[in-house]
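Chain A is the first sequence line, chain B the second, and so forth, proteins listed ahead of strands; every chain is numbered from 1. Computation of the quantities below employed the complete heavy-atom set of this structure, encompassing side-chain atoms and omitting hydrogens, waters and symmetry-equivalent molecules.
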Amino acid sequence: MDTDTILSGLNNKQLEAVTLPQQSALILAGAGSGKTRVLTTRIAWLIQTGQVSPMGLMAVTFTNKAAKEMLTRLTSMLPINTRGMWAGTFHGLCNRLLRAHYREAGLPSTFQILDTPDQLSSIKRLMKLMNVDDEKYPPKQVQGYINSCKEEGLRAHAVDAYDAHSQKLREIYEEYDKQCNREGVADFAELLLRCYELLERDAHIRQHYQSRFHYILVDEFQDTNRLQYLWLKLLAGTSNCIFAVGDDDQSIYGFRGARVGNMRDFESDFNVQNIVKLEENYRSHSNILDAANAIISHNKHRLGKNLWTSAGKGEPVRIYDAYNDTDEAQFIVDEVNTLQSEGIALGDMALLYRSNAQSRILEHTLFSANIPYRVYGGLRFFERAEIKHALAYMRLIANANDDTALLRVINFPARGIGARSLEQLQEAARQQNCSLWQAATNKVGNGTLGGKGIDGFVGLIREMVNQAYGISLPELAELATTLSGLKTFYENDKEGEDRIANLEELVTAAVAFSNQDFGNHNNVEEDLDIVTQFLNHASLEAGEHQADVGREALQLMTVHASKGLEFNAVFICGVEEGLFPHEQSTYENNGVEEERRLMYVAVTRARQRLYLSHAQSRMLHGQVRYGIPSRFLDEIPDALLKRLNSKPAPKPYATGGNYQATSSSQQYPFKIGQSVRHAKFGEGVVVSYEGNASDLAIKINFGREGLKTLMMEYAKLEKI
DNA sequence: CGACGTCCCCTTTTT
DNA sequence: GGGGACGTCG
């Protein structure tokens, strides 16, 4: 394509962004405003006009999917080979850089990547070794602590710790890093931090990359954390420019360290002259867009932006007030059927929810109604237990000192190595300050301690290493699944059919991986064996969420998972106080603002039809909970709405469940679940009673006012 | 040593 | 309601 063709069809703002001069810029790109298009066209334009070569720029995204999408679009515009280009995720690029300079980074050439569950088990193992009370220090929290420290760019020695508790945490962090180094593994955050430290420490390497990447383009900038920002800043140096695309209103990852504040910092740190706002939306009808704008306008901390569209008003936003969660699900089923008969494809409809726990009842109802659906966000291919087992064998063949891998499979399939033998092994390793594998092999030599099973395991791994010599990657995968006994184990398991199929799929994946022209992961600087590459690929790119793609099916996912997608019709369910906004969020700083952005993301997924539903009661954690409609619903102007059941027929509160059946509700003034009004707290729902008749207290969920316990005598409640 | 039962806790998620 | 962790029994 020539330059004109590349730029054709862009609106003025998009064009302005794409053709900005060589200086750092911030593009505020609203939902559906053509963000990805601008980013890719910018790259194409820079290359086409000869301002930069494909090798002289770096493009960073958060997900592999986004990276792939970008490259696909790029190749459709320019006849260039994208292989070898530095385009990928933060983690992928850091990994690549670390592989190229593993010595300078202080890593073994075959270093493995620890994924989240692996990291957790590594931490648990360490804490046991250190004799840390896991009641006082829940491993999950320790993991969170370590990761957030790393994401702030802080090593253990640099972390503040004032009291005994935080000092202990810091100590665990320090020991954990030592353990990782000993085992030659790096967790996700470590890839970034290690890379950052390398660039900071080694002027030679830093200058090499600084003089190479004159243009750095960053997608979803609002999701960057502190460390990622520092990393970008380091690479940019004093003369390179960063083209940052993002939307502060769609920042929904604060809980994992994303700092929207990076956008403001970027503005001043990089002396940004141009903030281009892309506000024309090409996705939704205006009723939907106006609803989204109205909601988000309630947030205080915004850079400011208002989406508009030249599409018509379209349908009103529909609100359904369900009696309970089953009713809500049934309503959706009915509506989906109607929409389908009106010609909307099932695959073009999405069912969004705030938390995964909500999906069960929806799935159940859809299943009963024979509506095909697909749930996103379950276990992914490389995260499945059987696959991780097989990979662990492969990892051991590559590097037997990988304790995490060893522990995963030393007794799986069971070979008679119990807790006692394991304890002895770990003790031996601790004493000799060596890996478990080394301890195990030493033990085989001197015949100490009852290690019959361990001997067998050592023999097995050695045999595998023997047979692995000189074979191809698929053959190695095959070896890891058969010789290990995994396949036999699952063959004898009555529910092992799927697992066997997955193991076979792993071999297929290995074939596909070795056939690809290994471009994506390597370049001249790297000379990695394909096994390491494959294992990397498995950790960094865990694979598609679900297998049966292509089948026409209703799309189910959390609101988080829906970011970046769009559908003709969208159902957002569970729009209740406590659920959306989530209860937990109201305790956090600016938590509700993030929830509101989440709602904004959800609403802007819809092109033509939008449904918001809430239920008066639902099962949550095995208990019936009562909720009132979300405050976000009140934030949408009535003119945009159509209430499908303006006053829901008050159904008998005892149907379906047996709750309250035993308590003598007779003596209570209001039924559980009754909506009431209080002079000060406003509208609420009766949750329960406490105390006895003479001294009765009533517990009411007032939504945004929270849960209140009031003395019946003084409460002055009014039925609604 | 391993299978089975019981208790506890519970957002959101990518790499 | 359901998964993970732990404890007991065979």
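- The pair A:Arg256-A:Glu151 does not count as a salt bridge, with every side-chain nitrogen at least 4.0 angstrom from each carboxylate oxygen.
- As rounded to whole Å, 16 Å separates atom P of B:dT15 from atom CD of A:Gln143.
- Under the rule for a ring-ring contact (aromatic ring centres under 6.0 Å, His included), the partners of A:His560 that lie at least two apart in sequence or sit in another chain are A:Tyr253, A:Phe255.
- Close to B:dT15, at under 4.0 Å from its OP1 or OP2, lies a side-chain N or O of A:Asn64.
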Taking only nitrogen or oxygen atoms into account, show me every contact under 3.5 Å that the protein makes with nucleotides 2-8 of chain B, one pair per line with its distance.
unit_1 : atom_1 : unit_2   : atom_2 : d
B:dG2  : OP2    : A:Asn411 : ND2    : 3.2

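- Between the CG atom of A:Leu579 and the P atom of B:dC10 there is a distance of 16 Å, given to the nearest Å.
- Backbone-only contact: A:Phe62 has heavy atoms under 4.0 Å from sugar-phosphate atoms and none from a base.
- Taking side-chain N and O atoms only, A:Ser421 has a distance below 4.0 Å to OP1 or OP2 of B:dC1.
- The side chain of A:Arg380 contributes an N or O atom lying less than 4.0 Å from OP1 or OP2 of B:dT15.
- Annotation: A:Tyr373 is not in aromatic contact with A:Phe367 [ring centroid separation under 6.0 Å not met].
- Against the 90° criterion about 0, the sugar-base torsion of B:dT12 places it in the anti range.
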**Q.** Full working for side-chain hydrogen bond (donor to acceptor under 3.5 Å, both in side chains) between A:Gln330 and A:Glu328
**A.** CA-CA 5 Å; A:Gln330 193 54 52; A:Glu328 179 183 49; over 6 Å; no
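- Remark: P of B:dT14 and CG of A:Leu114 are 19 Å apart, rounded to the nearest angstrom.
- A stacked arrangement is not assigned to A:His560 and the six-membered base ring of B:dT12, the conditions of a centre distance below 5.5 Å and an interplanar angle below 30° not being jointly met.
- Judged by closest nucleotide on DNA chain B, A:Leu422 is the one of A:Ser539 and A:Leu422 placed further toward the 5' end.
- Within the structure, every side-chain polar atom (N or O) of A:Asn536 is placed at least 4.0 Å from both OP1 and OP2 of B:dT15.
- Rounded to whole Å, the distance from CD on A:Gln119 to P on B:dT14 is 16 Å.
- Shown here is A:Arg625, whose CZ atom has no more than 12 heavy atoms of other residues, nucleotides or ligands within 6.0 Å.
- Not one N or O on the side chain of A:Glu593 forms a donor-acceptor pair closer than 3.5 Å with the backbone of A:Asn590.
- For the pair A:Arg384 and A:Phe382, the cation-pi test (distance below 6.0 Å, angle within 45°) is failed.
- Here A:Tyr253 does not pack flat against the base of B:dT12, since the 5.5 angstrom centre distance and 30 degree tilt limits are not both met.
- The base of B:dT15 is paired with the side chain of A:Thr116 by a donor and an acceptor separated by under 3.5 Å.
- Rounded to whole Å, atom P of B:dT15 lies 15 Å from atom CH2 of A:Trp231.
- Judged by distance alone, with hydrogens and angles left aside, the side-chain atoms of A:Asn64 form a donor-acceptor pair with the main-chain N or O of A:Leu540 at under 3.5 Å.
- Atom pair A:Leu98:CG and B:dT15:C1' shows a separation of 14 Å (rounding to whole Å applied).
- Rounded to whole Å, atom P of B:dT15 lies 16 Å from atom CG of A:Asp118.
- Side-chain atoms of A:Arg125 and A:Thr404 form a donor-acceptor pair, as typed in the model, at a separation below 3.5 Å.
- Under 4.0 angstrom from either OP1 or OP2 of B:dT11 there lies no side-chain N or O belonging to A:Asn356.
- Between A:His91 atom NE2 and B:dT15 atom P there is a gap of 9 Å when expressed in whole angstrom units.
- When ring centroids are compared, A:Phe62 and A:Phe90 come within the 6.0 Å threshold.
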Q. For every nucleotide of nucleotides 1-10 of chain C, 5' to 3': is a protein heavy atom under 4.0 Å from its base (B), only from its sugar-phosphate (S), or from neither (-)?
A. BS--S-----
